[in-house]
Amino acid sequence: MNTFKKEERLCSVRLIQSLFHSGSSFVVYPFRVVYRFEKRDVGAAQVLISVSKRRFKLAVTRNSIKRRLREAYRLEKGAKLLPFLDERKWYLAFAIQYIGKQEEAVLSTLREKMITVFKKLQHESDRMDQHLSD
RNA sequence: AAGCAAACCGGUUCUAUCGCUGCUCUAUACGUAGAGGAGAGGAAAGUCCGGGCAACGUAGAGCGACACGCUUCCUAACGGGAAGGCGCAUUUUUCGGAAUGCGAUAGAAAGUGCCACAGAAAAUAUACCGCCUUUGCAAAAAGGUAAGGGUGAAAACGUGAGGUAAGAGCUCACGGCUUUGUGUAGUGAUAUGCAUCGCGGUAAACCUCGUGUGUUGAAAAACCAAAUAGGUUGCAGGCUUCGGAAAGGGCGGCUCGCUUUUUGUCUUCGGACACCUGCAAUGGGUAGGUUGAUACAGUCUGUGUGCGAAUGCAGGCGUAGAUAAAUGAUAGAGGUCUGAUCUCGGUUGGACACAGAACCCGGCUUACAAGGUUUGCUUCUUU
């Protein structure tokens with residue numbers, strides 16, 4: 001199901017602080033992703049979508065970009081992100097920051113980029129698995 | 001009719017699918033599921049004023065700081081609004097005035113300061129030219145003088161007469177602004193008459209006078225409260241037949257042997273206190289949650305009062321409530337404006353602003369596409 005409820009969002013202040021304090025990051029233009037994996041009983045993901053006020057001055061443009069990012073995440077996560085997390089019992093907390101331009105925030109390109117982000121995350125989790133098994 | 005300016009109105013709709021946040025109903029394994037219905041603005045913005053609300057503070061008075069500053073009224077209140085007074089500017093005029101715009105619009109007659117450049121002089125006056133008197137053959141010197149010259153945004157209130165050596169509000173008449181007193185009109189600002197005092201500007205320079213202000217803001221504040229750690233209280237335990245048993249630690253030659261520990265202090269020998277362990281209760285408090293928090297200084301219609309801002313009465317309406325923060329995405333069909341095209345009402349293209357609630361109200365300020373209404377100005381056409 002393509003839902004996006006509150007459990008799938010990162011809301012707790014402490015979790016967000018610890019994520020930004022100890023998480024790793026990479027850039028897939030136009031996104032900057034900060035992430036942290038943990039082993040849990042059930043695979044899950046909590047995401048934080050952020051568009052900085054310094055880049056986009058008006059609240060209206062910030063809102064619209066955030067909504068498109070959320071829509072892209074909602075449409076793509078079911079097929080590309082959750083299956084491998086569930087398979088390997090990973091809990092993933094991550095933040096997506098938008099660092100592109102306003103004109104580039106079109107839904108179709110955002111969806112493509114979101115898929116590459118997920119692939120990169122999967123690659124990272126593979127490396128973590130290898131590290132753990134060693 | 002067109003253009004420009006100002007003010008006001010206005011702020012694209014519907015359907016389907018997927019999704020988000022509350023609400024109501026039903027079911028429920030209490031996790032949720034299904035159905036229904038709701039879900040950004042005129043400025044939600046800037047956070048500039050005022051108020052509600054909350055916590056803390058609070059004998060009274062003064063000083064200081066800050067804000068405001070013509071009058072009356074409206075309002076819960078305001079630095080907001082309405083009506084009016086006064087001044088200035090523009091336009092118009094039938095020369096009486098009228099319209100529009102602007103004004104921190106109390107005090108410069110309490111005191112201090114400042115007034116670029118130019119100019120003789122920018123404020124207890126001064127003397128460059130000029131005028132007058134005296135001295136001197138003359139050049140010039142001494143003294144008087146603000147009428148005249150030129151400078152400047154502003155030149156010692158303006159005009160005329162008297163007066164004088166020449167002059168000067170020095171005196172007088174008329175006029176301008178102004179202080180104080182007083183008569184009349186007005187609720188009042190103020191207007192106007194009489195008498196009287198005075199005559200550069202600047203108070204968004206200090207200042208004086210009057211009025212007001214306790215501080216902090218919903219991240220206020222109230223309540224519930226997991227796990228873990230620690231606090232407090234209560235209960236239980238800290239062997240024994242005195243030979244040793246059991247458990248833990250150390251060493252060695254490691255199925256064993258040796259060695260050591262099993263709380264301390266006080267004691268009237270009953271215990272008391274401290275310490276350690278376990279169990280139970282409990283106060284504070286963190287994560288988290290609930291309230292605050294969405295029904296009202298509400299809004300619409302009618303009607304009464306008032307010049308008006310407003311307000312009385314009656315009736316209708318219920319209209320977001322998130323909290324790392326919902327109100328979205330996609331597709332299709334319209335709507336308004338506009339361009340192209342031709343078979344003249346079809347086809348096709350483009351545009352649709354400013355901008356996103358965060359405790360709630362009243363204002364102010366700023367932003368705003370197309371379109372519409374009203375007013376003013378300009379141009380053109382017709383009668």
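Lettering follows sequence order; numbering is per chain, from 1. Since the structure is predicted, the reported quantities are computational estimates derived from the model, not experimental observations.
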Assigned partner base of [N], Watson-Crick or wobble definition, under 3.5 Å:
| N | value |
| --- | --- |
| B:C256 | B:G252 |
| B:G346 | B:U341 |
| B:C279 | B:G234 |
| B:U192 | B:G183 |
| B:A116 | none |
| B:A247 | B:U261 |
| B:A139 | none |
| B:U28 | none |

Subject >> A:F94 and A:Y73 aromatic ring geometry - parallel, tilted or perpendicular at 30°/60° bounds >> reply: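 The rings of A:Y73 and A:F94 sit tilted, inter-plane angle from 30° to 60°.
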Please report the distance separating the [atom1] of [N] from the corresponding atom of [M], rounded so that it comes out in whole Å.
| N | M | atom1 | answer |
| --- | --- | --- | --- |
| B:G10 | B:G42 | P | 10 Å |
| B:G283 | B:G51 | C1' | 41 Å |
| B:C300 | B:A320 | P | 15 Å |
| B:G152 | B:A156 | C1' | 15 Å |
| B:G284 | B:C313 | P | 50 Å |
| B:C177 | B:A142 | P | 46 Å |
| B:A153 | B:C170 | C1' | 32 Å |
| B:C207 | B:G111 | C1' | 8 Å |

Would you mind calling [N] syn or anti? Take O4'-C1'-N9-C4 for purines or O4'-C1'-N1-C2 for pyrimidines, and syn is within 90° of 0.
| N | answer |
| --- | --- |
| B:A40 | syn |
| B:G143 | anti |
| B:G96 | syn |
| B:G176 | anti |
| B:G101 | anti |

Original post:
Would you find a donor on one side and an acceptor on the other, under 3.5 Å apart, between the side chain of A:R62 and the backbone of A:V51?
Top reply: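 A pair under 3.5 Å: no.
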Original post:
Are OP1 or OP2 of B:A326 and a side-chain N or O of A:R70 less than 4.0 angstrom apart?
Top reply: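 Yes, because at least one side-chain N or O of A:R70 sits under 4.0 Å from OP1 or OP2 of B:A326.
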Subject >> Closest non-hydrogen atom pair, A:L110 against A:Y98 >> reply: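 Answer, listing the atom of A:L110 first, then A:Y98: CD2-CE1, 4.0 Å.
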**OP:** Quickly, which of A:I99, A:I49, A:L69 forms a side-chain contact (heavy atoms from CB on, under 4.5 Å) with A:F31? Name it, please.
**Re:**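 Among the candidates, only A:L69 passes.
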Original post:
Excluding sequence neighbours, so at least two apart, what forms side-chain hydrogen bond (donor to acceptor under 3.5 Å, both in side chains) with A:E124?
Top reply: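 Only A:Y35 meet the side-chain hydrogen bond (donor to acceptor under 3.5 Å, both in side chains) criterion with A:E124.
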Subject >> Qualifying residues under side-chain hydrogen bond (donor to acceptor under 3.5 Å, both in side chains), relative to A:N63, sequence neighbours excluded >> reply: none
May I have the distance from [X] (atom [atom1]) to [N] (atom [atom2]), rounded to whole angstrom?
| X | N | atom1 | atom2 | result |
| --- | --- | --- | --- | --- |
| A:F94 | B:A324 | CZ | C1' | 15 Å |
| A:K66 | B:U323 | NZ | C1' | 12 Å |
| A:I65 | B:G328 | CD1 | C1' | 14 Å |
| A:L110 | B:U330 | CG | P | 11 Å |
| A:E71 | B:U330 | CD | P | 8 Å |
| A:I49 | B:C20 | CD1 | P | 14 Å |
| A:R111 | B:U330 | CZ | P | 10 Å |
| A:R74 | B:U21 | CZ | P | 12 Å |

Kindly write out the residues that satisfy side-chain contact (heavy atoms from CB on, under 4.5 Å) with [X], not counting sequence neighbours, or none if the list is empty.
| X | result |
| --- | --- |
| A:V28 | A:F26, A:T116, A:V117 |
| A:T109 | A:V106 |
| A:S25 | A:R32, A:V34 |

Quick test: give all pairs of protein nitrogen or oxygen and nucleotides 352-358 of chain B nitrogen or oxygen below 3.5 Å, distance rounded to 0.1 Å.
{"residue": "B:G356", "atom": "OP2", "partner": "A:A59", "partner atom": "N", "Å": "3.3"}
{"residue": "B:G356", "atom": "OP2", "partner": "A:V60", "partner atom": "N", "Å": "3.4"}

